[in-house]
2 protein chains.
Amino acid sequence: MQDTKDRILDTAERLFAERGYDATSLRAITREAGVNLAAVNYHFNSKESLLRALFGRKLGKLNERRIALLDSYEAEAGVKPVALEKIVRAFVEPVLRLGGDPASGGTGFAMLMGRMYSWPSVQLQRVFVSELREQIGRFRAAFRRALPHLPPRELYWRVFFSIGAMAHALAGSGLLAIISDGVCDPADTDGLVERLIGFMVAGLKAPLSARINGRHGKRAVPAIAHPVHPSASRAGNSTAASRR
Amino acid sequence: MQDTKDRILDTAERLFAERGYDATSLRAITREAGVNLAAVNYHFNSKESLLRALFGRKLGKLNERRIALLDSYEAEAGVKPVALEKIVRAFVEPVLRLGGDPASGGTGFAMLMGRMYSWPSVQLQRVFVSELREQIGRFRAAFRRALPHLPPRELYWRVFFSIGAMAHALAGSGLLAIISDGVCDPADTDGLVERLIGFMVAGLKAPLSARINGRHGKRAVPAIAHPVHPSASRAGNSTAASRR
DNA sequence: GTTCGATTCAAACGATCGTTTTATCGAGGC
DNA sequence: GCCTCGATAAAACGATCGTTTGAATCGAAC
């Protein structure tokens, strides 16, 4: 029955998010889902395929919404570049509102997605990234048009940081409550969306740091690391060890 | 012998970072470390205590460096508030340069730390957060002095995002290489530090978004969610489901 | 009513896990 | 020399894991 498959998927989604993939046994999933243990290997092939199916169920629609939003913003902008804030919104809003859909499994999938960005298993991460890769092209092009004066290398670093902030907000954890001593409400999805967009836009538009050596990165880095910040030498080692 | 304990700690650090805590067996650790299996439960009490000892070994010095940096910056600033960039630097530079210490286990511990911020296990996360809590007070006060015009609630949200960007940069993952198509060099620690600081400072100083309802957060949120962005209604559900 | 494919079920399989037990080793104190 | 005790070694323990097996069950087609 389709009911069995969905119950397994929903329960697995929740338990994977709560306890982690490795720490969640198929017996725990089937017990809480009220189905037989062998049903997992019957409907899906293995535990890993279950996780794969779990993502495939929702990542498709999520990506469609992202692209659709970006399309609509580009259409209304015409020949002019889309405003940076719109691009960021198209990227983060669909995924951040995943948890707000009462018909779906709630916040479980969002937490799982946030944690997926730093997943230990390389093979599972590869699946996740392959779904992401097609969007990277679209958004990368949009970002470059919105920030034409920013060197691509700087832009990519900042997009990397932005994704980190987004992933962390998805994964949640009680950290916000600890930092804010209860002042901030982690369940305020609307506030989260607007604040994260504002944070990311500002970070993406940050002034170029004078401390960054422009010749870096293209592997044309000299053999001796340049001490960037002398007063912080206590934190680092004095010997040159930047090439790793 | 002390050598046995250190070899276990070093190997565990590396394998936990590579494969994750649950996916790493004590047999794999002891095999690669060249020690007997029972040595783990002899020198440490359990696998979880091993992880605890692993963090205790380095978190202490890390926190000391953070506080010492903040102290020095505050001393040189005198009665004036410390520049925001300095506070951010004191917070992120010691941890980001953990991987650059050739005497230590390399990048393993940094990856582990980055992943710890969204650790599934609540009990292990509690240990990690308790080490962090003492610093939160110091840095929260410094941030508030550096950004006196920013409402505390907004500040805490932005610090939360900043920690997310930092944790993601620590956990690494090949995402930066994928985003940048090889243009950015993930091993460029100096560039990472300066760019992340610039990104975080800009995000922390972002202009206040007009979209954010000021009365939010204190749980005085109205029962009906306000549709913030009508054109994005396709992404969200039209019914009110913001209270979760 | 029978057949057949799809689904569910109870039970077991082999493997691996964290932990414990027991024995062995080796350097210092008396 | 014998004894002690911290450290190491080999082996086993009980539990749990993902997966498989083979029979039971069900509904629809003929």
Side-chain angles (χ1 to χ4, degrees), chain A residues 1-57 112 115-116 119-128, chain B residues 1-57 112 115-116 119-128:
Chain A
M1 217 41 174
Q2 190 69 13
D3 186 49
T4 301
K5 290 185 69 168
D6 284 335
R7 279 228 300 280
I8 292 176
L9 285 171
D10 292 339
T11 310
E13 197 171 279
R14 181 170 54 86
L15 292 187
F16 284 163
E18 288 177 2
R19 318 175 183 179
Y21 174 78
D22 288 300
T24 304
S25 68
L26 294 182
R27 285 173 172 81
I29 295 173
T30 53
R31 189 189 324 124
E32 296 214 15
V35 302
N36 190 269
L37 168 62
V40 173
N41 284 282
Y42 177 77
H43 289 288
F44 315 91
N45 282 336
S46 62
K47 186 183 180 183
E48 180 179 324
S49 295
L50 169 62
L51 183 67
R52 225 180 288 265
L54 198 152
F55 276 102
R57 182 172 64 152
L112 208 52
R115 212 170 282 149
M116 203 64 177
W119 199 276
S121 167
V122 178
Q123 50 181 346
L124 290 183
Q125 206 189 39
R126 211 184 306 272
V127 178
F128 183 68
Chain B
M1 217 42 175
Q2 190 69 13
D3 186 50
T4 301
K5 289 186 69 169
D6 284 334
R7 278 229 298 282
I8 292 176
L9 285 171
D10 292 339
T11 310
E13 197 171 279
R14 181 171 54 85
L15 292 186
F16 284 163
E18 288 177 1
R19 317 176 184 180
Y21 174 78
D22 289 301
T24 304
S25 68
L26 293 183
R27 285 174 173 81
I29 295 173
T30 53
R31 189 188 326 125
E32 296 214 16
V35 302
N36 190 269
L37 168 62
V40 174
N41 285 282
Y42 177 78
H43 289 287
F44 315 91
N45 283 336
S46 63
K47 187 182 180 183
E48 180 179 324
S49 295
L50 169 63
L51 182 67
R52 226 181 289 264
L54 198 151
F55 276 103
R57 181 172 65 152
L112 207 51
R115 213 168 282 148
M116 203 64 178
W119 200 275
S121 165
V122 178
Q123 50 181 347
L124 290 183
Q125 206 188 40
R126 212 185 304 272
V127 179
F128 182 68

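Just so we're on the same page: letters track the sequence lines, and every chain starts at 1. Remember, it's a predicted structure, so these values are computed and weren't measured experimentally. Every heavy atom of this structure was used, including side-chain atoms; hydrogens, water molecules and symmetry mates were not.
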Could you walk me through whether A:Y21 and B:D22 pass the side-chain contact (heavy atoms from CB on, under 4.5 Å) test, one step at a time? CA-CA 9 Å; A:Y21 174 78; B:D22 289 301; over 6 Å; no
Looking only at atom types and distance, does a side-chain atom of B:S49 sit under 3.5 Å from a main-chain N or O of B:R52, one as donor and one as acceptor? no
Does A:T4 make a side-chain N or O approach to OP1 or OP2 of C:dT7 shorter than 4.0 Å? no
Ignoring hydrogens, what is the shortest heavy-atom contact between A:A39 and A:T4? Give both atom names and the distance. CB-CG2, 4.2 Å
Can you check side-chain contact (heavy atoms from CB on, under 4.5 Å) on B:R57 and B:D6, steps first, answer last? CA-CA 10 Å; B:R57 181 172 65 152; B:D6 284 334; 4.1 Å; yes
Round to a whole Å and report the spacing from NZ of A:K5 to P of C:dA6. 13 Å
What is the distance from CZ of A:F44 to P of C:dT7, rounded to the nearest Å? 12 Å
Using a 4.0 Å cut-off on protein heavy atoms (strictly under), produce a 5'-to-3' string for nucleotides 16-21 of chain D with B for base contact, S for backbone-only sugar-phosphate contact, and - for none. -BBBBB
Within the structure, does a side-chain N or O atom of A:N36 lie under 4.0 Å from either OP1 or OP2 of C:dA10? yes
Nearest heavy-atom contact between B:L112 and B:L54 is CD2-CD2, 3.7 Å
Check the distance between C:dT19's P and B:I8's CD1 and give it to me in whole angstrom. 13 Å
Phosphate OP1/OP2 of C:dA6: any A:H43 side-chain N/O under 4.0 Å: no
Expected output: side-chain A:R19 to main-chain A:T24 donor-acceptor under 3.5 Å: no
Contacts of A:F55 meeting ring pair (Phe, Tyr, Trp, His ring centres under 6.0 Å) (sequence neighbours excluded), chain-then-number -> A:F109, A:F128
Partner of A:E32 under salt bridge (charged side-chain N to carboxylate O under 4.0 Å, His left out), chosen from A:R14, A:R7, A:R27: A:R14
Bracket notation of DNA chain D in which parentheses pair within the strand, [ ] cross earlier pairs, and | pairs with another strand (Watson-Crick or G-U, under 3.5 Å): |..|||||||||||||||||||||||||||
